[in-house]
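A quick note: this is a predicted structure, and the numbers were derived from the prediction, not measured.
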Amino acid sequence: AGCTVSITSILGTKYPLVLVHKGEHPQLTRKQDMMKSSSLAALLLLSGSSSGDVVNDEKAGPTTNLQRCLEPGEFDPDVDYFPEKYVPHSTSDHFTVTYHKSYKVVHNKYNDKSYILYQCGADPPSDAVQDDHHITIPVPHTGGVAATQTPQLPPLELLGLRSEIKAYAGNPTYISSSCLNQMMDDGTMKVLYDTDDSSMTEVMIASWISDNPDALILGGPGGANKEDKRVVSVAASQERTNIATFDWIGYLAAFFNLEKKAMDIAADTQVRYDCSAANAASVTADAPDSDKPTMLWANYIGGFEGFAGGWSVAECPTSDAAYYCENAKHCGINLLSRPEGVGYSKTWGGPTLYWYLSNAELLQLGKDADYWINPDKDWYSLVADPEMKDFLMQFKAVQNEQVYDTQGQGPNAWHEQRLAEYDVVALDMCSIVGNVNPTQDPPHVLQWMRNIIKETPIGSQGECDVSKINDPYKSNAAECTLLEGVEVLVEQNSVEDESSSSRSRVSVIGASVLAIAFVVLAA
């Protein structure tokens with residue numbers, strides 16, 4: 001305690017301004033107005049709720065994004081119909097949202113596809129404008145969506161949009177959400193999948209689209225069907241950072257005029273994430289790298305024809321190479337990375353090289369690691385083989401019962417709901433190695449990672465309350481209290497939208513976190 005921690009040091013990126021209070025987040029304000037408040041440091045402690053609509057500083061219009069169509073004769077081309085604008089984080093590389101009074105343009109830069117979303121009841125943009133974009137639709141969108149991948153589901157659930165998920169085009173056994181499983185059971189969410197015949201799956205999808213012509217299909221980052229006229233490509237998985245991956249909640253929110261809700265959720269989550277990073281940085285501030293806890297991240301892939309099998313391990317040439325690399329840096333962990341040239345690679349039919357280590361190579365890499373994360377479900381089958389069990393017992397982490405898997409919320413939730421809780425996942429990793437606030441009361445209880453050796457039970461998503469099926473997904477958000485004396489220096493990040501309104505992304509601290517002093521530096 002007693003040190004100052006700059007969050008910019010975690011990934012070398014600029015984080016947005018954080019205002020601290022106990023209620024909802026304050027209005028998005030102009031950068032120049034914020035900078036007038038102080039030439040040095042402004043200490044902001046807001047004791048009560050500070051909600052409010054964004055003031056429209058052009059012609060009088062709505063003060064919130066509308067959840068309805070304009071009435072006949074209500075449209076005015078001089079009015080800004082989207083006073084609540086989503087500002088992507090500075091590390092979000094692959095999407096933008098720009099605003100133009102009565103319409104907005106959402107651009108997926110990874111797939112190079114953009115979508116015009118115009119206020120329902122307003123005049124659509126001219127044909128010349130529309131010709132430059134893939135889809136033009138009125139918003140808020142009311143035609144429903146069909147998801148094609150489980151990572152697309154958590155943002156919609158967080159936004160309270162379960163009822164808009166009308167279909168899932170994929171294997172339903174991988175869906176962990178108890179409420180979505182309930183919707184599939186009662187038929188309100190259609191399953192477009194044939195286990196035995198993939199061609200029949202395509203027929204089912206085509207038939208459903210024919211019956212639901214206003215629906216949107218959420219495509220993946222591969223872009224195989226990105227040219228289809230009802231497909232909206234989602235490429236969150238291609239982002240560099242945890243915050244940027246989560247940031248795509250704003251991309252989807254724009255289709256429903258829910259930018260403010262998305263900003264609130266993104267900001268609350270980031271504040272909790274920043275808090276655990278600051279605590280870990282404080283705990284390890286005086287420790288040399290050689291004293292940091294070491295962690296092995298590895299799971300076994302069994303062999304089959306054409307593949308000898310082997311260990312898939314972490315590869316962290318940079319801290320933003322993968323989410324686990326970022327979490328390790330976040331928590332002050334020395335995560336063991338595959339040495340260049342070690343192991344053998346396989347492409348699996350695509351351009352990406354996947355590397356695998358033999359038993360001997362894994363032993364050399366991780367024998368002395370303090371902790372082992374096995375992001376899979378196969379540990380017990382491995383130790384059932386006497387020869388493999390003898391091999392695993394050579395590892396320090398196994399001997400000390402410090403081996404964890406990722407089934408704390410169920411067998412499949414790691415590839416679904418985890419993406420809605422990157423802050424909780426990071427705090428789990430920090431907690432495993434002890435780089436947390438030791439005075440936190442009550443202390444954090446692992447949510448996503450469970451100790452395999454001690455046979456901690458596999459978790460679950462719990463039962464769905466059907467009477468509240470449209471309520472937003474409730475995160476296992478972890479409380480985080482900063483260590484005494486720790487301050488978080490946060491730099492403001494602003495963007496210029498095409499309506500020439502400079503806005504700041506303003507993060508908030510959730511009501512679950514005690515009031516904490518953040519120092520705001522003048523730019």
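Contact check for Q417 versus S177: side-chain heavy atoms found under the 4.5 Å cut-off. In this structure, the side chains of F256 and N65 stay at 4.5 Å or more apart for every pair of heavy atoms. In this structure, Q119 and F82 have side chains that are in contact, with non-hydrogen atoms separated by less than 4.5 Å. Residues R162 and Y473 meet the side-chain proximity criterion, which asks for heavy atoms closer than 4.5 Å. No side-chain heavy atom of R230 sits under 4.5 Å from any side-chain heavy atom of N212.
Smallest separation of non-hydrogen atoms from Y86 and A266: OH-CB, 3.6 Å. Between E259 and E84, the shortest heavy-atom contact is CB-O, 3.5 Å. Heavy-atom minimum distance, Q152 versus L252: O-CD1, 4.4 Å. Here the shortest heavy-atom pairing between E239 and W248 reads OE2-NE1, 2.9 Å. Nearest heavy atoms, V145 versus L156: CG2-CD1, 4.0 Å. Between Q461 and S176, the shortest heavy-atom contact is CG-O, 3.5 Å.
Side-chain atoms of N111 come within 3.5 Å of backbone N or O of P221 as a donor-acceptor pair. Looking only at distances, no side-chain donor or acceptor of N476 sits under 3.5 Å from a matching main-chain atom of Q447.
When the shell of 6.0 Å around NZ of K474 is examined, it contains 12 or fewer heavy atoms from other residues, nucleotides or ligands.
Less than 6.0 angstrom separates the ring centroid of Y273 from the ring centroid of H330.
Using a 4.0 Å cut-off between charged side-chain N and carboxylate O, K260 and D264 make a salt bridge. Salt bridge status for E421 with R272: absent, with no side-chain N to carboxylate O gap under 4.0 Å. At a threshold of 4.0 Å, the pair K109-D93 does not count as salt-bridged, since none of the basic side-chain nitrogens sits closer than that to a carboxylate oxygen. Ion pairing between a basic and an acidic side chain is recognised when a charged N comes within 4.0 Å of a carboxylate O; K85 and D80 show such pairing.
Residues forming a salt bridge (charged side-chain N to carboxylate O under 4.0 Å, His left out) with K261 (at least two apart in sequence, or on another chain): none.
Below 30°, between 30° and 60°, or above 60°: for Y323 and W297 the angle between ring planes is above 60°, a perpendicular geometry.
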**Asked** What's the verdict on side-chain contact (heavy atoms from CB on, under 4.5 Å) for R418 and W448, showing C-alpha distance, side-chain angles and the deciding distance?
**Response** CA-CA 8 Å; R418 166 182 64 88; W448 286 96; 4.1 Å; yes
**Prompt:** side-chain contact (heavy atoms from CB on, under 4.5 Å) between M449 and M429: does it pass, once the steps are laid out?
**Reply:** CA-CA 8 Å; M449 297 175 183; M429 283 186 67; 3.4 Å; yes
